[in-house]
Amino acid sequence: MAYQWYKNKAGQYLSEQINQRGDYQMRKFMALSLSVVLLLSLASVALAQEGVTINFWHTGGSGALAEAVTYATTQFNDTIGKEKGITVVDTYIGGYDELTSKIMLSVQAGEQPQVAILANTMVGWFMEDGVLADMMPYAEADGFDVSNIMDPFMLTMGNRDGELHSVPFFRSTPILYYNKGMADAAGLEAPKTIEELEAFGKALHKVSDSGETEVWGFQILKDFGYYNAANLWQLGSSMFTEDGSKSPALEDGTMLKVLSDWRRWVDEGWCRSFDSTEQGAKMQELFFQGKLASFWMSTGGLRNVIKGCEENGVELGVTTFTTYDPEKPISMIGGGNVGIIGTGNSDEQIAASWEFIKFLMSDELVANTSITTGYVPVTKSVAEFPRLVEYWASNPMAKVAYDQLGDAIPQEFPYVPYLQDFTIVCWDASSLLIQDKSINAEEAVEYIKTNTAALFQ
C-alpha cells in the first residue's frame, strides 16, 4: 500500500535529514506523524442536530491562506450550507507533510475528515489506496462543467479516463520578479528566454572597486522540482518517463545542461547562490534592499513581494517564467488540490462534501482565493468574472501567472511514487554543486544517477 510505502520511506530518510540538516520542518513532521492522541482530538466527525457537518482539513494556518479558507467556509455555511443543512468546519493541520501523515493515520483510525487539501505530488498516494471519492458522478448529475477546470489539472492522477478525484485549490506557477526601476535605468526589457536572462543579469550585476558584489543580477532557490524541472521540459526532456521507469534527463544531456548553466552563472559572479536556511526570506530581503536585481519565485508570494517593495521604495516588475526555448514557454505548477475522503465516510457525507467542493470551484470563490492569496485562478470562466477582471486591470502583475497556465505542467505529472526521494537527491546534488562547489556538473549528474538507481529497479 502507498501508506506503508510512505511511512517506510519517510522513516528511512527523515532520521537522516534531521541529523544532517537539523531541519525543523522534518522534526515537526515526525513528531506530528506519531501524535495519534493529538490527531484524534482534532479529527472528530460530528453530525449536527439537523443536517451534516463536514470537516475540512487544510494548510491555511495564517495570513492570506487562512483568510481565503475562512472566507470560503463562512460564505458556504451562510448560503448553500444553510439552505441544505450542511456545516463545514475547517481545521488547520499544518504543512503538506503534516497534513498527509495525519490524513493517513486518521483513515486507519476511522477518524478521517470528509474534505482535505492534498499536496499535488501526494494525490497519487491516496489514489493508490482508494482513499479518494470519485466526484465525476456528482458532477454529471449536477451538470457541473468539468471542462471549465484549467486543462493542466486534468493531468493529475485520478482526473483522467472520465474520473474526478481532486480539484485545484492553492496552485501556483513560478514567475520572474525583477527590479523594474533598475532595469529601466539600464534600458533593459524584461527577459523572456534564458539567453536574455543571462544578458539581463550580467548587465545589472555590480561589483565595487574592492571586488565586493553590490548588486547580484539573479538568484534561484533550491527547489529543483519546481524551477529546474521546468527547464528540463523546455529542453524537450523530463525528470521521468510517463510510466516512471527511468529519468530521460539523466541520459540525454538535459540534466547536465541545466546544472552546468546554473553553476556557470554562479561562477561568473552575477548569479547568487541560495542560502542554507531561510533562503526565500533572505533572497527577498536582498531584493527589497536593492542588492538583487531578479529572481524566480512562486506567484503565491506576489502579494508579500508587492508589499515589501512598496515599503522599501522598489519598483517591481513581473514577467513569465524564463524559458530555454521560446517555442516551449513551459513552467511547473505546484501547490495543493482539494479532494473528498471517501474511505470511512457515508454517502450522505460525500454528497454534502461535493456541495462544498462545487462551491469552491465557483467563479466567486476561485476569484477570491486568487485575489486574497496570489495563487493562480484555476478555471477558465473566471477570466471573465467581473471582480477578477477589475482586479487584473488595476493589478496587471497578478495576471501573469494565469496567462502562462496553458503552457504549464503540474508537478504531479507524470505520477511517480518516488518523486520526493528523487527530488531530495537533486536538492543534495544542487547543494554540493552550487553552494559548496565541491563537485562539478558532470559529478552532480553522476551523484544523482548513483543515488537514485535503486528507485528504478
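In terms of heavy-atom proximity, Phe321 sits nearest to Ile330 at CD2-O, 3.7 Å. For the residue pair Met157 and Met127, the shortest heavy atom distance occurs at O-CG, 3.8 Å. Residues Thr59 and Leu99 come closest through the heavy atom pair CG2-CD2, 3.7 Å. Across every non-hydrogen atom of Val258 and Tyr324, the tightest pair is CA-OH, 4.0 Å.
Electrostatic pairing of Lys82 and Asp78 does not count as a salt bridge here, judged by no charged N lying under 4.0 Å from a carboxylate O. The pair Glu310-Lys307 fails the salt-bridge criterion, with no side-chain N (NZ, NE, NH1 or NH2) lying under 4.0 Å from an Asp/Glu carboxylate O. Using a cut-off of 4.0 Å between Lys/Arg side-chain N and Asp/Glu carboxylate O, Arg387 and Asp363 are scored as not salt-bridged.
Ser431 and Lys222 share a donor-acceptor pair across their side chains, judged by distance under 3.5 Å alone. With hydrogens and angles left out, the side-chain atoms of Thr156 and Glu412 include a donor and acceptor closer than 3.5 Å. With hydrogens and angles left out, the side-chain atoms of Tyr92 and Glu98 include no donor and acceptor closer than 3.5 Å. Judged purely by distance below 3.5 Å, without hydrogens or angles, the side chains of Asp90 and Thr73 pair a donor atom with an acceptor atom. A side-chain donor-acceptor contact under 3.5 Å links Thr173 and Gln404. Thr343 and Gln112 share no side-chain donor-acceptor pair at under 3.5 Å.
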**Asked** Going through the distances and angles, do Tyr177 and Thr319 end up as a side chain to side chain donor-acceptor pair (under 3.5 Å)?
**Response** CA-CA 7 Å; Tyr177 294 78; Thr319 190; over 6 Å; no
**Request:** Assess whether ring-ring contact (aromatic ring centres under 6.0 Å, His included) is satisfied between Tyr375 and Phe169, documenting all intermediate values.
**Result:** CA-CA 8 Å; Tyr375 283 101; Phe169 191 57; 8.8 Å; no
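Ring-plane geometry between Phe240 and Phe456 is classed as tilted, the angle between the planes lying from 30 to 60 degrees on a 0 to 90 degree scale. Between Phe356 and Phe76, the angle of the ring planes goes over 60°, which puts this pair in the perpendicular group of the 30/60° scheme.
With sequence neighbours left out, Asp161 forms a side-chain hydrogen bond (donor to acceptor under 3.5 Å, both in side chains) with no residue at all. Among residues two or more places apart in sequence or in another chain, the side-chain hydrogen bond (donor to acceptor under 3.5 Å, both in side chains) test is passed with Thr322 by Trp296. For Glu242, the salt bridge (charged side-chain N to carboxylate O under 4.0 Å, His left out) partners at least two apart in sequence or on another chain are Arg160.
Looking only at distances, a side-chain donor or acceptor of Asp243 sits under 3.5 Å from a matching main-chain atom of Ser245. Side chain of Thr299 to main chain of Gly374: a donor-acceptor pair is present (N/O by atom type, distance under 3.5 Å, no hydrogens or angles). Judged purely by atom type and a 3.5 angstrom limit, Gln114 uses its side chain to pair as donor or acceptor with the backbone of Asn55.
The ring pair (Phe, Tyr, Trp, His ring centres under 6.0 Å) test with Phe295 singles out one residue from Phe218, Phe288, Phe287, Tyr227, and that residue is Phe287.
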